[in-house]
Amino acid sequence: MRTMLQEGAHGKWTVSSSDESTEENSDNEKPSTSSLLSTAQGKASGPQYPCSEARKAAHKRKASPVKFSDKSLAPESPPAEKQRASQEGLGWCLSSSDEEPEDREKSAPKERVKEEKRDDAPEEPPQNHSKDERSGNHKAEDCNEAPSEAQDTWDLLNGGNPFRFFLTKVTGIEQSYNSGALHIKDILSPLFGTLISSAQFNYCIDVEWLVRQYPQEFRKKPLLIVHGEKRESKAQLLAQARPFENISFCQAKLDIAFGTHHTKMMLLLYEEGLRVVIHTSNLIADDWHQKTQGIWLSPLYPRLPQGTAGSAGESETNFKSDLISYLMAYNAPTLKEWVDVIQEHDLSETRVYLLGSTPGRYQGIDKEKWGHLRLRKLLKEHASSVPAQESWPVVGQFSSIGSMGADESKWLCSEFQESLVAVGSRATSLLKCDVPVHLVYPTVNNVRQSLEGYPAGGSLPYSIQTAQKQLWLHTYFHKWSAEVSGRSHAMPHIKTYMRPSPDFKKIAWFLVTSANLSKAAWGALEKNGTQLMIRSYELGVLFLPSAFGLDKGYFRVRGKTLSEGNDSATSFPVPFDLPPERYGSKDQPWIWNIPHTDAPDTHGNMWVPS
Ligand code: TGM
């Protein structure tokens, strides 16, 4: 067995070749559900819902943490600097007992174990305000919101927010940073509409938890779950739903190897109309607790008058027709029913462009329907060219990374970058990677110092097997930092792509999507560039200034507070800090299957992913 010693890019860490999978698929750990089926509550060896190996590792380590004080496992006592870090960690954890959010929900509110504030706390620790406890305890009563809070929700939805772009609420940060944020219970609240029926598209689904997120009065309404599970994990998913007669399933076809159903969307049919929600969170408690996640909420789409043509109610962005095309790509009868529902509604108020990926090999006119060639087409058609915009950088921010090949010329700085730098009509003349490419992905220290601690790394499933093949990629990496949204310690599961100006004060466009940095998600050209091959389902929305009545060709980047020239109509709320800060010489990208026993996380734990 060949053993490789990697130094530098990941520190010292050995990988045996027997662990490696083939090219392209090393992070395609299909959940082996054999370990899931037997356990009673899933606490001992895994969650009850099918998920990735990385998430299972996080679940296991939360259930049986490896304390940093357990020196029998620590190879040697840590250097002074790292000991300081350990004390920081103990100083700002939320509570020493790391309960599942849903456990808090079931039981009567327990008294929080307050850790004493330490003098040597880090400069900007995660907040632990007692006022925040309410936002963290999403009990059923939360649905019966106080009138003032109901008004807040209404304002949030309908007043002064033209972009309709939101982040998820984060437990344990300063309350003010959650004022414009949404929990899933907010989205499903009766304030948003009187539910008749819904569809949930997602990757990882805890059915019992999901049902509890609906208000009591909507829990028996028809719910269609659209997923990509096969075989044992599909059986597991269906078994979870057996107690619920209103739940039905649509298995998305995944005919190309190593594809995933990554799309995260809600279709909510109300007595009052229809709403579409495109977001980045899995349907599990952890994804709505302490992560940075993105949400786009459609307006409430009114029903068209009886007998109106299905083509009516289209928006300037062609959203209705594009959403129908996306749903038709599943070729599923249950989704054809939803297509009929959409046809009966007026989507004309939509200001975003839909950008999806569906598995397939596309040629001719179909080549520009999905993935990065679809982005390229939209930018060519609708991104008005600001003077010198050709030299503006591009920023990509994501939570997982696929195999990009041996060097940047294979995909990143060729076909992918060419799509991201496309602008109205003019041919792009600059050479490859003459346009700065900034990639934002959390460092080991970002994860270690996060609200969740190392288990946050369970939803950052970049693997050592993939990472060691592309050390060149890491030179593009920038840290996660989000003082702007108060979310520096809430690890990103959001994925965003944008085109900022060189001074990072403007952006030409902004995309929020389920698509990670991977060929599986965005597509890769084959057959001498005549065919785009896509493995996965992805969905996102693209914000272009022209669709928001801004004729200058850019949005301003919104700062921490609204002020003059920084108003809610013209400035876009970019969810992390610009410019991104490059990795320091000692920074490493988070790689889920490397252990960390030399420094404790914010809960005083180590990371032993096995
Ligand atoms: C990938 C290509 C990078 C296969 C099984 C399990 C995320 C999510 C999510 C789901 C999956 C995921 C992943 C993969 C493929 C390039 C990849 C599998 C997980 C990452 C995420 N990774 N293939 N798989 O939460 O929906 O990671 O959003 O970070």
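Owing to the predicted nature of the structure, the values given are computational and were not obtained by experimental measurement.
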Glu316 CD: over 12 foreign heavy atoms closer than 6.0 Å: no
Donor-acceptor contact below 3.5 Å, side chain Gln213 vs main chain Ala285: no
Ion pair check, Asp322 and Lys369, cut-off under 4.0 Å: no
Rounded distance (nearest 0.5 Å) linking atom CD1 of Ile464 with atom CD1 of Ile591: 4.5 Å
side-chain contact (heavy atoms from CB on, under 4.5 Å) partner of Met533, the single match among Arg361, Lys519, Lys527: Arg361
Student check: side-chain heavy atoms of Asn282 and Ile205 closer than 4.5 Å: no
CA sep, side-chain torsions, deciding dist, call: Phe319, Trp296, ring pair (Phe, Tyr, Trp, His ring centres under 6.0 Å): CA-CA 13 Å; Phe319 186 87; Trp296 172 78; 5.4 Å; yes
Cationic N near anionic O, under 4.0 Å, Glu314 to Lys320: no
Check: Gln389 main-chain N/O paired with Arg499 side-chain donor or acceptor under 3.5 Å: yes
Stepwise salt bridge (charged side-chain N to carboxylate O under 4.0 Å, His left out) test for Asp287 and Arg55: CA-CA 11 Å; Asp287 267 38; Arg55 281 181 185 270; 2.9 Å; yes
Tyr203 ring center within less than 6.0 Å of His261 ring center: no
Side chain to side chain donor-acceptor pair (under 3.5 Å) assessment of Ser459 paired with Lys291: CA-CA 10 Å; Ser459 32; Lys291 295 185 192 297; 2.6 Å; yes
For Trp522, the option from Tyr497, Trp370, Phe398 that meets ring-ring contact (aromatic ring centres under 6.0 Å, His included): Tyr497
Criterion side-chain contact (heavy atoms from CB on, under 4.5 Å) against Ile247, the qualifying member of Leu224, Leu210, Val207, Leu238: Val207
Test item: Thr168 side-chain N/O and His183 main-chain N/O as donor-acceptor pair under 3.5 Å: no
Stepwise ring pair (Phe, Tyr, Trp, His ring centres under 6.0 Å) check, Phe416 with Trp411: CA-CA 6 Å; Phe416 185 60; Trp411 184 80; 4.5 Å; yes
Flag for Ser514-Glu538: side-chain donor and acceptor within less than 3.5 Å: yes
Pair Asp366 + Arg374: basic N to acidic O under 4.0 Å: no
Ring centroid separation Tyr537 to Tyr330 under 6.0 Å: yes
Geometric class of the Phe548/Phe163 ring pair [parallel <30°, tilted 30-60°, perpendicular >60°]: tilted
Under 3.5 Å donor-acceptor, Glu415 side chain and Leu525 backbone: yes
Under 3.5 Å: donor-acceptor pair, side chain of Thr334, backbone of Cys250: no
Test of ring centre spacing under 6.0 Å for Trp472 and Phe477: no
Parallel, tilted or perpendicular, as decided by the 30° and 60° cut-offs, for the rings of Phe555 and Phe572: tilted
Minimum side-chain heavy-atom gap Lys234-His227 below 4.5 Å: yes
Value rounded to 0.5 Å, distance of CG in Asp346 from OG1 in Thr350: 8.5 Å
Non-hydrogen atoms of Pro455 and Ala58 that approach each other most closely: O-CB, 3.4 Å
Check: Ser321 main-chain N/O paired with Asn318 side-chain donor or acceptor under 3.5 Å: no
Whether Tyr462 and Tyr441 hold their rings parallel, tilted or perpendicular, with breakpoints at 30° and 60°: perpendicular
Polar side chain donor-acceptor pair, Tyr270 to Arg275, under 3.5 angstrom: yes
Geometric cation-pi criterion, Lys367 with Tyr362: 6.0 Å, 45°: no
Leu223 and Gln200, any side-chain heavy atoms less than 4.5 Å apart: yes
Sub-6.0 Å ring centroid separation between Phe201 and Trp338: no
Closest non-hydrogen atom pair between Leu544 and Ala508, with its separation: CD2-O, 4.2 Å
Evaluation steps, side-chain contact (heavy atoms from CB on, under 4.5 Å), between Met491 and Thr292: CA-CA 6 Å; Met491 288 300 97; Thr292 301; over 6 Å; no
Side-chain donor or acceptor of Thr496 paired with backbone N/O of Leu511 under 3.5 Å: no
Carboxylate-amine/guanidinium contact Arg376 Glu418, below 4.0 Å: yes
Donor on one side chain, acceptor on other, Gln465 and Asn593, under 3.5 Å: yes
Leu269 side chain near Leu195 side chain, heavy-atom distance below 4.5 Å: no
Any Leu327 side-chain heavy atom under 4.5 Å of Ile324 side chain: no
Whether over 12 other heavy atoms sit under 6.0 Å from Gln363 CD: yes
side-chain contact (heavy atoms from CB on, under 4.5 Å) between Val277 and Leu268, intermediate numbers included: CA-CA 8 Å; Val277 182; Leu268 305 170; 4.1 Å; yes
Note, Gln397 side chain near Trp480 side chain (heavy atom, < 4.5 Å): yes
Short side-chain to backbone donor-acceptor contact, Trp590 and Gly457, under 3.5 Å: yes
His493 and Ser399, any side-chain heavy atoms less than 4.5 Å apart: yes
Under 3.5 Å: donor-acceptor pair, side chain of Ser315, backbone of Thr317: yes
Candidate pair Ile184 and Leu283, rule side-chain contact (heavy atoms from CB on, under 4.5 Å), full reasoning: CA-CA 9 Å; Ile184 186 169; Leu283 297 171; 3.8 Å; yes
Between Asn528 and Thr530: side-chain donor-acceptor atoms closer than 3.5 Å: no
His478-Phe576 aromatic ring centre distance below 6.0 Å: no
Centroid-centroid distance, His438 to Tyr476, less than 6.0 Å: no
Glu381 side, atom CD; Ser546 side, atom OG - distance, nearest 0.5 Å: 11.0 Å
Between His279 and Gln293, a side-chain donor and acceptor under 3.5 Å: no
Side-chain donor-acceptor pair present, Tyr301, Ser348, cut-off under 3.5 Å: no
Side-chain donor-acceptor pair present, Asp407, Ser409, cut-off under 3.5 Å: yes
Stepwise side-chain contact (heavy atoms from CB on, under 4.5 Å) check, Ile187 with Trp288: CA-CA 12 Å; Ile187 298 170; Trp288 298 81; 4.0 Å; yes
